[in-house]
Q: 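Submitted below is the structure of interest, expressed as structure tokens.
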Amino acid sequence: MDNYQVFIISQGRDGSTLLLRILNEIPGYNIYGENFNMIGSMMDIHIGLNTITGMISRSDYDKKSIENPKYKPSWYNSYNKDDVNKNIKGFLESIINDCDARVWGCKEIRWAVDYQDKKTLIPYKQFHKRLDHLKSLYPNCKFIFTERDLESQLKSGWWQTTENARDIISKLKKYYQRYM
């Protein structure tokens, strides 16, 4: 069987922890819990670095600087995009797949909401790009979008103390539907 990644995209208080536990009962699965949007932040970095043009690898720089000692492009001490992608993948795998599971991944409730203030929702375009860039690194990855009955979710945990919870959850559900 192929190895692949599973990313549970959650709103919080919608059953994602139960799903994670069920998946981890399957032999060869290792799905970690929340990482405080570390992967979303890594994808923002990945997006930024992949939009830069003119980056060259250190080995290409070394070759060109031998030929021309005055050669100093603006990104001469940086990696090329393939190196960036390889390094981001290596970093993610070192912290999310530290046991070499056949299927690995994580769940996260912070893909689109700042859960410190519980009010700020990133634009859909950024949410979409984060998932697209994760998919570009792991073409076989699977996204699982979790949802719960809105009224029940609004009564659960910290959502019940968030004044604009209905609006946030409704918008997140639309993000999920739009992405699928």
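The first residue of the sequence shown is numbered 1, and numbering continues consecutively from there. Worth knowing before you read on, the calculation uses all heavy atoms, side chains too, and leaves out hydrogens, waters and symmetry mates.
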Q: More than 12 non-hydrogen atoms from neighbouring residues, nucleotides or ligands closer than 6.0 Å to NZ on K155, yes or no?
A: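 Count not over threshold, so no.
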Q: Nearest 0.5 Å, please: how far is CG in L137 from CG in L92?
A: 7.0 Å
Q: Any chance you could measure N68, atom CG, to K64, atom NZ, to the nearest 0.5 Å?
A: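 Here the rounded value is 10.5 Å.
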Q: Should we say atom CZ of F36 is surrounded by more than 12 heavy atoms from elsewhere, each under 6.0 Å from it?
A: no
Q: How long is the gap from NZ on K129 to CG on L134, to the nearest 0.5 Å?
A: 15.5 Å
Q: Compare every heavy atom of D149 with every heavy atom of K173, then report the nearest pair and how far apart it is.
A: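 Between these two residues, the closest heavy atoms are NZ-C, 4.4 Å.
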Q: Please step through side-chain contact (heavy atoms from CB on, under 4.5 Å) for the pair Y71 and I66, ending with a clear verdict.
A: CA-CA 9 Å; Y71 179 74; I66 289 170; over 6 Å; no
Q: Nearest 0.5 Å please: distance from the CD1 atom of I9 over to the CD atom of E147.
A: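 The CD atom of E147 is 12.5 Å from CD1 of I9, to the nearest 0.5 Å.
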Q: For a quick test of reading the model, state the closest non-hydrogen atom pair linking I96 to G105 and the distance between them.
A: CG2-O, 3.3 Å
Q: Could you tell me whether the side chain of S170 and the main chain of D167 form a donor-acceptor pair under 3.5 Å?
A: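 Pair absent, no side-chain N/O of S170 close to backbone of D167.
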Q: Sub-3.5 Å donor-acceptor pair from the side chain of Q160 to the main-chain atoms of L154, do we have one?
A: no
Q: Does some side-chain heavy atom of E93 sit less than 4.5 Å from a side-chain heavy atom of K89?
A: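 Yes, their side chains come closer than 4.5 Å.
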Q: Provide the closest heavy-atom pair for I168 versus W159 in the form atom of the first, atom of the second, distance.
A: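 Nearest heavy atoms, I168 then W159: CG2-CH2, 3.6 Å.
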Q: So, do T120 and V113 sit near enough that their side-chain heavy atoms are less than 4.5 Å apart?
A: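 When only atoms from C-beta onward are counted, V113 and T120 do not touch, as no gap falls below 4.5 Å.
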Q: Is it the case that one hydrophobic cluster holds both L49 and I39, taking links as side-chain heavy atoms less than 4.5 Å apart, direct or via other members?
A: yes
Q: Is the F7 ring parallel, tilted or perpendicular to the F143 ring (thresholds 30°, 60°)?
A: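 It falls in the tilted class, 30° to 60°.
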Q: Can you see which heavy atom on P27 is nearest to which on R102, and at what distance?
A: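 The pair with the smallest heavy-atom distance is O-NH2, 3.5 Å.
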Q: List in chain and number order the residues that pass ring pair (Phe, Tyr, Trp, His ring centres under 6.0 Å) with Y175, two or more places apart in sequence or in another chain; answer none if no residue qualifies.
A: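 Scan of Y175 (ring pair (Phe, Tyr, Trp, His ring centres under 6.0 Å), adjacent residues dropped) gives Y124, F127.
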Q: Among pairs that include at least one residue of residues 28-50, which meet salt bridge (Lys or Arg N to Asp or Glu O under 4.0 Å), considering only residues two or more places apart or in two chains?
A: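 Listed by first then second residue: E34-K107, E34-R110, D44-R130.
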Q: Where is the tightest heavy-atom contact between G33 and C106, given as atom of each residue plus distance?
A: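 Nearest pair, atom of G33 first, then C106: O-CB, 3.9 Å.
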Q: Let's go through K86 and F91 carefully: what are the C-alpha distance in whole Å and the side-chain angles of both, what is the deciding distance for side-chain contact (heavy atoms from CB on, under 4.5 Å) to 0.1 Å, and is it a yes or a no?
A: CA-CA 9 Å; K86 179 180 157 194; F91 176 73; over 6 Å; no
Q: Report the relative orientation of the aromatic rings in Y4 and Y29; use parallel for angles under 30°, tilted for 30 to 60°, perpendicular for over 60°.
A: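 It falls in the perpendicular class, over 60°.
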Q: To the nearest 0.5 Å, tell me how far L23 CG sits from I8 CD1.
A: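 Nearest 0.5 Å value for the CG-CD1 distance: 5.5 Å.
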Q: Quick one: does Y32's side chain have a donor or acceptor within less than 3.5 Å of a partner on W104's backbone?
A: no
Q: Counting distance only, does the side-chain N/O of N50 pair as donor-acceptor with the main-chain N or O of H46 below 3.5 Å?
A: yes
Q: Determine yes or no for a side-chain-to-main-chain donor-acceptor pair under 3.5 angstrom, with E108 supplying the side chain and N35 the backbone.
A: yes
Q: Through direct or indirect side-chain contacts below 4.5 angstrom among Ile, Leu, Val, Met, Phe, Trp and Tyr, which residues connect to I22?
A: L18
Q: Which heavy atom of Y176 sits nearest a heavy atom of Q11, and at what distance?
A: OH-CG, 3.2 Å
Q: More than 12 heavy atoms of other residues, nucleotides or ligands under 6.0 Å from NZ of K174: is that the case?
A: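 No, the 6.0 Å shell around NZ holds no more than 12 heavy atoms from other groups.
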Q: Does Q153 reach the main-chain N or O of G12 with its side chain, forming a donor-acceptor pair under 3.5 Å?
A: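 Looks like yes, one N/O pair under 3.5 Å.
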Q: Drop me the distance from I88's CD1 to H133's NE2, to the nearest 0.5 angstrom.
A: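 The distance works out to 10.0 Å.
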Q: In this structure, are over 12 heavy atoms from other groups packed under 6.0 Å from K171 atom NZ?
A: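 No, because the 6.0 Å sphere around NZ of K171 holds 12 heavy atoms or fewer from other groups.
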Q: Does any N or O in the side chain of T162 come within less than 3.5 Å of the main-chain N or O of N164, such that one atom is a donor and the other an acceptor?
A: no
